[in-house]
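Encoded as structure tokens, the structure appears first; notes follow it.
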Amino acid sequence: MPYFPFFANIENMPCLVVGGGQVALRKIEKLLDFSPIIKVVASKACGEIRELAGRGMITLFERDFKDSDIDGSTFVITATGDRGVNRHISQLCRQRHIPCNAVDDPESCTFFFPAIVTEGDVCIGISTGGKSPTLASHLRKTIQSQTEGRLGDICNVMGKVRDYALENISTEKARKKAMAEVLKKCLESNVLPTEEQLIEMIKERK
């Protein structure tokens, strides 16, 4: 059964990453875009993780994991490379009802870390239930190649036009039709239309 894709605001939320290698680094780098408070515990951290700590972007403790490290965490990612340690951490999290992602061990996960496409306020998460990260990565790259980095800008202008539609178009059916036409215009145009141009298009088609 697939997992339901909740989208949560994790800004300033405390999270724990256990592990200091390249896998942990990739998770940390993806999380940084969403501004949680990241604590990393690792017996040995790679140079890139140490650099992030030196820049004040994360808090790093270079030592063995202690059970108390999960205290106060909103969610936990364990990427130690030691399945026994990862499963121990996962069990602790289950007991405390803390969501846990154990890298490369789907059975120990209570949430999956998706392949992510982010462009402005648009965020697309892709999960295969832990069965095929390769497929998830392929789908992410396919989406990125097709959107050409325009999704964030399209989302911004669509949001502004939607505000106009909510105030000036009386029925939901008519609003949906108008916004579908606006989206079609945005996707088909080589140069993204302005808010004013799109609103004028709506007015002309009333």
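- With sequence neighbours excluded, the residues forming a salt bridge (Lys or Arg N to Asp or Glu O under 4.0 Å) with Asp71 are Arg96, listed by chain and number.
- Of all non-hydrogen atoms in Ala24 and Gly20, the two that sit nearest each other are CB-N, 4.1 Å.
- The hydrophobic cluster containing Leu52, built from Ile/Leu/Val/Met/Phe/Trp/Tyr side-chain heavy atoms closer than 4.5 Å, also comprises Ile10, Met13, Val17, Val23, Leu25, Ile28, Leu31, Leu32, Phe34, Ile38, Val40, Ile49, Met57, Ile58, Leu60, Phe75, Ile77, Val103, Phe111, Phe113, Ile116.
- Applying the side chain to side chain donor-acceptor pair (under 3.5 Å) rule to Glu195 yields no partners; only residues at least two apart in sequence or on another chain are considered.
- Here the closest non-hydrogen pair linking Arg94 and Glu107 is NH2-O, 3.1 Å.
- Ser90 and Cys100 make their closest contact through CA-SG, 3.8 Å (heavy atoms, listed as atom of the first residue, atom of the second, distance).
- Checked by atom type and distance alone, the side chain of Asp69 pairs as donor or acceptor with a backbone atom of Lys66 at under 3.5 Å.
- Across every non-hydrogen atom of Gly72 and Pro14, the tightest pair is O-CG, 3.1 Å.
- A donor-acceptor pair under 3.5 Å links the side-chain atoms of Ser145 to the main chain of Thr142, judged by distance alone.
- Between Ala45 and Glu62 the shortest heavy-atom distance is N-OE1, 3.0 Å.
- Through direct or relayed side-chain contacts under 4.5 Å between Ile, Leu, Val, Met, Phe, Trp and Tyr, Phe61 connects to Leu16, Val18, Val41, Phe65, Ile70, Val76, Val85, Ile89, Leu92, Ile98.
- Taking Leu166 as the reference, Arg162, Arg175 meet the side-chain contact (heavy atoms from CB on, under 4.5 Å) condition, with sequence neighbours excluded.
- Counting only residues at least two apart or in different chains, salt bridge (charged side-chain N to carboxylate O under 4.0 Å, His left out) contacts with residues 7-24 are absent.
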